[in-house]
Amino acid sequence: MNREAVLLDYYRAMRAELGPSRWWPGDTPFEIALGAILTQNTAWANVEKAMHNLRESGLLEPRALARLTDGELAMLIRPAGAFRVKAARVRNFLNFLHGACDLDMDGLRGETVEGLRPALLEVSGIGPETADSILLYALGLPSFVVDAYTRRILGRHGLIPEDIGYGELRDFFMDVLPPDAALYNEYHALIVRTGKNWCAKKAGKCASCPLAVFLEEFSPLTCVGKSIIPHP
DNA sequence: CTCCTGGAAG
DNA sequence: CTTCCGGGAG
């Protein structure tokens with residue numbers, strides 16, 4: 001069993017146990033991209049409150065949102081936390097869209113990961129994970145999304161170094177998996193669902209985890225009740 | 001109190 | 001490298 005083939009086994013195990021994910025919540029590419037920015041280090045339930053405020057005001061489209069002041073925008077997205085920072089980031093993204101597609105994300109059809117990813121990363125407030133989330137979930141392009149759960153789960157299973165960088169981990173997935181946006185979409189969704197429900201930062205519930213079988217096979221960890229204790 | 005589908009600034 | 005952003009939920 002090599003480290004690469006196991007990625008597909010992880011996918012099959014989560015998919016069999018959890019079923020389809022129907023990600024990303026959002027009706028338009030812009031709404032999805034906006035959610036990707038608002039959810040940075042933030043629980044999705046809080047993002048939904050902010051999205052609700054924008055929806056009620058008819059502001060879930062770029063041209064309307066672009067008319068607001070930073071202060072107005074900040075107050076509307078306040079439930080998402082770090083609201084002044086995120087208001088500036090949304091503004092930067094709107095400015096990017098203005099130049100890239102005249103505030104119409106349909107104009108980004110035909111772009112490629114290789115062409116668009118570097119441009120997104122130039123936007124202050126859009127880092128690797130947010131850029132890949134926009135590429136994959138808003139635009140349907142095959143760019144694998146790595147997040148804290150991905151690193152935590154695979155790290156705890158001993159498959160990757162704990163301090164592996166974002167790009168290295170993304171490359172690991174993309175070197176192994178076929179460049180299939182639907183597969184990337186569902187894979188990341190399953191990782192988040194698994195991480196959220198079973199792989200909490202302090203106390204992982206390994207006993208009932210869909211990936212429990214892989215712990216016995218690879219892990220340098222010991223499960224004690226509901227907690228995981230790093231092995232010396 | 002810690003943590004949440006990170007990223008920038010210091 | 002470390003700190004900050006920040007409200008909401010457990």
Side-chain angles (χ1 to χ4, degrees), chain A residues 10-11 14 18 20-26 29 31-54 70-96 117-139 143-156 162-170 173 181 183-205 209-211 226-228:
Chain A
Y10 269 60
Y11 177 82
M14 290 187 290
L18 302 180
S21 302
R22 300 181 300 276
W23 267 31
W24 183 303
E31 185 176 335
I32 294 170
L34 191 59
I37 295 172
L38 295 182
T39 198
Q40 290 169 357
N41 198 34
T42 299
W44 185 254
N46 293 340
V47 176
E48 288 184 310
K49 297 178 186 300
M51 299 291 279
H52 174 79
N53 289 344
L54 296 174
D70 280 13
E72 291 170 332
L73 179 54
M75 293 314 295
L76 285 162
I77 65 173
R78 189 167 182 169
F83 51 88
R84 279 180 287 266
V85 171
K86 287 178 181 175
R89 292 177 180 181
V90 170
R91 179 74 56 201
N92 294 339
F93 180 59
L94 286 168
N95 290 339
F96 164 78
R117 192 173 192 268
L120 285 171
L121 291 175
E122 284 297 305
V123 180
S124 180
I126 297 182
E129 182 178 344
T130 306
D132 290 329
S133 296
I134 292 171
L135 292 168
L136 180 60
Y137 290 103
L139 299 173
S143 194
F144 198 88
V145 178
V146 167
D147 74 329
Y149 288 132
T150 313
R151 191 175 289 99
R152 185 183 305 162
I153 291 171
L154 296 188
R156 283 178 172 178
E162 300 172 10
D163 60 345
I164 189 171
Y166 184 96
E168 292 173 295
L169 189 48
R170 176 174 178 269
F173 276 89
L183 173 63
Y184 290 3
N185 180 320
E186 183 64 14
Y187 205 134
H188 176 67
L190 288 167
I191 284 178
V192 174
R193 292 169 68 200
T194 301
K196 187 175 181 179
N197 290 310
W198 288 279
C199 208
K201 194 168 186 179
K202 278 208 165 179
K205 298 184 286 188
C209 180
L211 300 174
K226 290 187 171 185
S227 302
I228 30 182

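We name chains A, B, ... by the order of the sequence lines, and we start the count at 1 in each one.
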- Hey, which of these two, A:R89 or A:K49, hits DNA chain C nearer its 5' end, going by closest nucleotide?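 Its nearest nucleotide lies further toward 5', so the answer is A:R89.
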- Task: Classify the nucleic acid contact of A:T39 as base, sugar-phosphate or nothing, counting any heavy atom under 4.0 Å across all strands shown.
- Result: sugar-phosphate
- Can you tell me the distance, in whole Å, between the CG atom of A:N41 and the C1' atom of B:dT5?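 So the two atoms are 10 Å apart, to the nearest Å.
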- Query: What is the distance, rounded to the nearest whole Å, between atom CD of A:E129 and atom P of B:dC4?
  - Reply: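 These atoms are roughly 12 Å apart.
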- Message: Once you apply a heavy-atom cut-off of 4.0 Å, does A:S133 come out as touching a base, just sugar-phosphate, or nothing?
- Response: nothing
- Item | Euclidean distance for P, C:dG6 against B:dG10 (whole angstrom) |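 Per the computed distance, 14 Å lies between those P atoms.
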- Message: Does A:V123 reach a base, just sugar-phosphate, or nothing at all? Heavy atoms under 4.0 Å.
- Response: sugar-phosphate
- Any donor and acceptor pair, going by atom type alone, linking the side chain of A:T194 with main-chain N or O of A:L190 inside 3.5 Å?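 Indeed, once roles are kept as given, a pair shorter than 3.5 Å links the two residues.
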Let me have the donor-acceptor pairs involving side chains of residues 80-88 of chain A, under 3.5 Å, with sequence neighbours excluded, atom names and distances please.
residue, atom, partner, partner atom, Å
A:K86, NZ, A:L38, O, 2.6
A:K86, NZ, A:Q40, O, 3.3
A:K86, NZ, A:T42, OG1, 2.6
A:K86, NZ, A:A80, O, 3.1

- How long is the line joining NZ of A:K86 and P of B:dG7, in whole Å?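 Those two atoms, NZ and P, are 11 Å apart.
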- Return the minimal non-hydrogen interatomic distance between A:T130 and A:I37, and the atom names on each side.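 Closest heavy-atom pair between A:T130 and A:I37: CG2-CG1, 3.9 Å.
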- On DNA chain B, nearest-nucleotide positions of A:I126 versus A:H188: which is more 5'? A:H188
- Message: Any base atoms under 4.0 Å from A:G81, or only sugar-phosphate, or nothing? Heavy atoms, all strands.
- Response: base
- Message: For the P atoms, the ones on B:dT5 and on C:dG10, what distance do you get once it is rounded to whole angstrom?
- Response: 12 Å
- If we only count heavy atoms from C-beta on, is the A:L54 to A:I77 side-chain gap below 4.5 Å?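 Touching, per the 4.5 Å side-chain cut-off.
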- Starting from C1' on B:dC3, measure out to CG on A:N197 and report it in whole angstrom.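 After rounding, the reported distance stands at 15 Å.
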- Query: Separation of A:K201 atom NZ from B:dC4 atom C1', in whole Å?
  - Reply: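 A:K201 atom NZ is separated from B:dC4 atom C1' by 10 Å.
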- Message: Over all strands shown, is A:I191 touching base, sugar-phosphate only, or nothing at heavy-atom distances under 4.0 angstrom?
- Response: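 It contacts nothing in the nucleic acid.
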- Counting any heavy atom closer than 4.0 Å, what does A:R84 reach on the DNA or RNA strands: base, sugar-phosphate only, or nothing? sugar-phosphate
- When the C1' atoms of C:dC1 and B:dC4 are considered, how many whole Å apart are they? 24 Å
- Query: Does A:P25 reach the side chain of A:E31, with side-chain heavy atoms less than 4.5 Å apart?
  - Reply: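 No; the side chains remain at least 4.5 Å from each other.
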- With heavy atoms under 4.0 Å as the rule, sort A:R152 into base, sugar-phosphate or nothing.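 Here A:R152 touches the backbone only, sparing every base.
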- Message: The criterion is side chain to side chain donor-acceptor pair (under 3.5 Å); which residues satisfy it with A:S21, sequence neighbours excluded?
- Response: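 Once residues adjacent in sequence are excluded, the partners of A:S21 under the side chain to side chain donor-acceptor pair (under 3.5 Å) criterion are A:E186, A:R193.
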- Looking for any heavy atom pair under 4.0 Å, which part of the strands does A:A80 touch: base, sugar-phosphate only, or nothing?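 Touches a base.
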- Message: Without decimals, in angstroms, what is the distance between A:Q40 CD and B:dG7 P?
- Response: 5 Å
- Message: Using a 4.0 Å cut-off to any heavy atom of chain A, which nucleotides of DNA chain C are the first and last in contact, reading 5' to 3'?
- Response: C:dC5 to C:dA9
- When all nucleic acid strands are considered with a 4.0 Å heavy-atom cut-off, which category describes A:K196: base, sugar-phosphate, or nothing?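 Base contact.
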- Side chains of A:Y184 and A:D132: do they bring a donor and an acceptor to under 3.5 Å?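 Judged by distance alone, the side chains do not pair up.
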- Interatomic distance where CG belongs to A:D132 and P belongs to B:dG6 [whole Å]: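 Value for this atom pair: 13 Å.
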- Message: Is there aromatic stacking of A:Y149 on B:dC4 here, judged by a ring-centre distance under 5.5 Å and a plane angle under 30°?
- Response: no
- Determine the interplanar angle of the A:Y137 and A:W23 rings, folded into 0 to 90°, and report it as parallel if under 30°, tilted if 30 to 60°, perpendicular if over 60°.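 Plane angle over 60°, so perpendicular.
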- Message: Taking any heavy-atom pair under 4.0 Å as a contact, classify A:V192: base, sugar-phosphate, or nothing.
- Response: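 The residue A:V192 makes base contact.
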- Query: To the nearest Å, how far apart are A:E48 CD and B:dT5 P?
  - Reply: 11 Å
- Do the non-hydrogen side-chain atoms of A:N92 and A:F96 ever get within less than 4.5 Å of each other?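 Heavy-atom side-chain distance check fails, nothing below 4.5 Å.
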